[in-house]
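Only one structure is covered here, and it is reproduced in the block below.
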Amino acid sequence: MNIQSEPSLLSVDRLTIDLPLSGGVLHPVRGVSFTVRRGEALALVGESGCGKSLTAMALMRLLPEDAQVPSGTVTLAGMERVRGAGIAVIFQEPATSFNPVMTVGDQVAEMIRTHSTCGRTEARARAVEWLRRVGIPRPEEAYDAYPHELSGGLKQRAMIAMALSADPKVVVADEPTTALDVTVARQVLELLNDLKRERGLTLIFITHDLALLPGIADRVALMYAGEIVEMAPTEAFLAHPEHPYAQALLGALPRPDGAPLQPVEGSVPNLWGPLKGCAFAPRCARAKSKCFEHAPAPQSRRDGLGTVRCIFAGDKTTAECRTFAAPEAAAIDGEPVLELQHAAVRTAPKGFTQSLAAFVGRAVGRTILPDCTLALHRAETLALVGESGSGKTTAALTALGLLGNGLLAEGT
């Protein structure tokens, strides 16, 4: 598909969002404009608090009740019904997005039935197939599970299945791989790319992880303090970033040669009132006095492949940032302050309790954590890593004595 020849499917023009609060009016999105063509993936990137998610929620008409939109328009070509079949969203917090009293499968099937004429049986079959497509093992079992019975990674995959099941024209993916391990995250990104190719899916991909861009995004819109400060094709953006903020973010990425990271000093400014000058100036190592006085207007990048808001546009010099070294490992001695020995966790059939299971004298239910032994010493940091569903969170909750009802723990 030649994306450049496609007409704009989604157009956002000078979108501004205000949030009245007790201390004044917050201006988290300030004059954002962009277009997305059919079959294109546009990535909204930037630090937390830059306005990425709020911009996306405006597209879905899911802004907070007290939010105000003093200016701007959002146009979705040829669509009367927006949510679901027009634009769907993959939320970054699936635990708060699912209905806790409905099974996961019923919620996916409900989305399918809302946007099609199929019956319950067909909707169930299609929901199971979508759960399988997003990589959920034993999708038939997952269909009948409640959200709290799935790990965070499995809930995120189910959220993706629900968003895609209505065959939307535009999908807003708000940090969709945040809760996933690297192998499943790659699988999800490949699925989104497959849907782009097969169905001409248009994608707005929100992320703070610039390392994900080459595998998913056609263009990048870099946001800072509620504005788009640079927009360019992904390859050009990564090879020749022109805004100092873009250069600083890329300098903070891990490098194959093991060079020290270059953190971006400072933080995003508060947006209570109108900003004077360039919003990034207080953090920019090259800022001049005029940067604090006049807000730069968008201008063409040096290669003509996008726009950038900076008086240094075209300057290849990267921002100077302080480097840091990894902290030395602390000496470990003495007895452990926390220890698990052969801890195991299983689900209990209804009516079973810990004491009853001990009386029966045999394992019951499904094994969640088969055998976990670990020790943690004072001043030590222990990392539990592994794929979603491998038992990391369960091990931590076991150590804290916070297992929920219906779970039986063994060991010490």
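Here the structure is a predicted model, which is why all the values come from computation and not from measurement.
- Between atom CG of residue Leu376 and atom CG of residue Leu340 there is a gap of 10.0 Å, rounded to the nearest 0.5 Å.
- Among residues two or more places apart in sequence or in another chain, the side chain to side chain contact (heavy atoms under 4.5 Å, CB included) test is passed with Ala109 by Ala123, Ala127, Tyr143.
- A side-chain donor-acceptor contact under 3.5 Å links Asn193 to the backbone of Gly215.
- Heavy-atom minimum distance, Pro233 versus Leu305: CD-O, 2.8 Å.
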For Leu249 and Val45, what are the C-alpha separation, side-chain angles and deciding distance, and is it a side chain to side chain contact (heavy atoms under 4.5 Å, CB included)?
CA-CA 10 Å; Leu249 287 180; Val45 302; 5.8 Å; no

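- Considering every non-hydrogen atom in both Pro296 and Cys310, the closest pair reads CB-N, 3.9 Å.
- With rounding to the nearest 0.5 Å, the separation of CD1 in Ile216 from CG in Leu189 is 5.0 Å.
- Although no hydrogens or angles enter the test, the distance criterion places a donor-acceptor pair under 3.5 Å between the side chain of Arg157 and the main chain of Gly135.
- The closest donor-acceptor contact from the side chain of Gln107 to the backbone of Met102 lies under 3.5 Å.
- Looking only at side-chain heavy atoms (C-beta outward), Phe91 and Val89 come within less than 4.5 Å of each other.
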Take Leu21 and Trp272, measure what side chain to side chain contact (heavy atoms under 4.5 Å, CB included) needs, and give me the verdict at the end.
CA-CA 9 Å; Leu21 301 175; Trp272 287 103; 3.4 Å; yes

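- Formation of a donor-acceptor pair under 3.5 Å by the Thr234 side chain with backbone atoms of Asp218 is found in this model.
- Contact record, Arg30 with Ala279: NH2-CB, 4.1 Å, taken as the closest heavy-atom pair.
- With Thr103 contributing its side chain and Asp106 its backbone, the two residues share a donor-acceptor pair below 3.5 Å.
- Between Arg132 and Glu140, at least one side-chain nitrogen of the basic residue sits less than 4.0 Å from a carboxylate oxygen of the acidic one, meeting the salt-bridge criterion.
- A donor-acceptor contact shorter than 3.5 Å links the side chain of Lys52 to the backbone of Gly46.
- Side-chain contact between Phe205 and Val172: absent, with no pair of heavy atoms (C-beta onward) separated by less than 4.5 Å.
- Salt bridge present: Asp144 and Arg124 bring a charged side-chain N and a carboxylate O closer than 4.0 Å.
- The CG atom of Leu131 sits 4.5 Å away from the CD1 atom of Ile136 when rounded to the nearest 0.5 Å.
- The two residues Ala375 and Pro336 have their closest heavy-atom pair at CB-CB, 4.0 Å.
- The backbone N or O of Arg37 sits less than 3.5 Å from a side-chain atom of Glu40, completing a donor-acceptor pair.
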Does Thr202 form a side chain to side chain contact (heavy atoms under 4.5 Å, CB included) with Leu10? I'd like the steps, not just the answer.
CA-CA 9 Å; Thr202 301; Leu10 179 68; 5.8 Å; no

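- No side-chain heavy atom of Glu122 sits under 4.5 Å from any side-chain heavy atom of Arg113.
- Here the CG-CD1 distance, from Asp174 to Ile90, works out to 9.5 Å after rounding to the nearest 0.5 Å.
- You'll find the side chain of Leu44 stays beyond 4.5 Å of the side chain of Leu222, heavy atoms only.
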Determine whether Val36 and Leu9 satisfy the following criterion, side chain to side chain contact (heavy atoms under 4.5 Å, CB included), listing intermediate values before the conclusion.
CA-CA 6 Å; Val36 189; Leu9 178 64; 5.9 Å; no

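- Note: Tyr245 OH to Cys284 SG = 12.5 Å, rounded to the nearest 0.5 Å.
- Of all non-hydrogen atoms in Ala56 and Ile206, the two that sit nearest each other are CB-CD1, 3.3 Å.
- Under a 3.5 Å cut-off, the side chain of Glu149 and the backbone N or O of Tyr146 do form a donor-acceptor pair.
- A salt bridge between Arg309 and Glu230 is absent, with no side-chain N of the basic residue lying under 4.0 Å from a carboxylate O of the acidic one.
- Evaluation of the side chain to side chain contact (heavy atoms under 4.5 Å, CB included) rule for Asp18 yields Thr16, Val25, His27, Gln68, Pro70 as partners, not counting sequence neighbours.
- Counting only heavy atoms from C-beta outward, the side chains of His243 and Phe280 approach each other to under 4.5 Å.
- In terms of heavy-atom proximity, Leu238 sits nearest to Pro214 at CD1-CG, 3.5 Å.
- A distance of 6.5 Å separates OG of Ser53 from CD of Glu175, quoted to the nearest 0.5 Å.
- With Arg283 contributing its side chain and Gly266 its backbone, the two residues share a donor-acceptor pair below 3.5 Å.
- At a threshold of 4.5 Å between non-hydrogen side-chain atoms, the residues Arg126 and Ser165 do not count as touching.
- Contact of the Ser33 side chain with the Ile228 side chain is not registered, since no non-hydrogen atoms from C-beta on lie closer than 4.5 Å.
- Side-chain contact check for His208 versus Glu47: every heavy-atom pair is 4.5 Å or farther apart.
- Using a distance-only test at 3.5 Å, with no hydrogens or angles considered, no donor-acceptor pair links the side chain of Lys155 to the main chain of His148.
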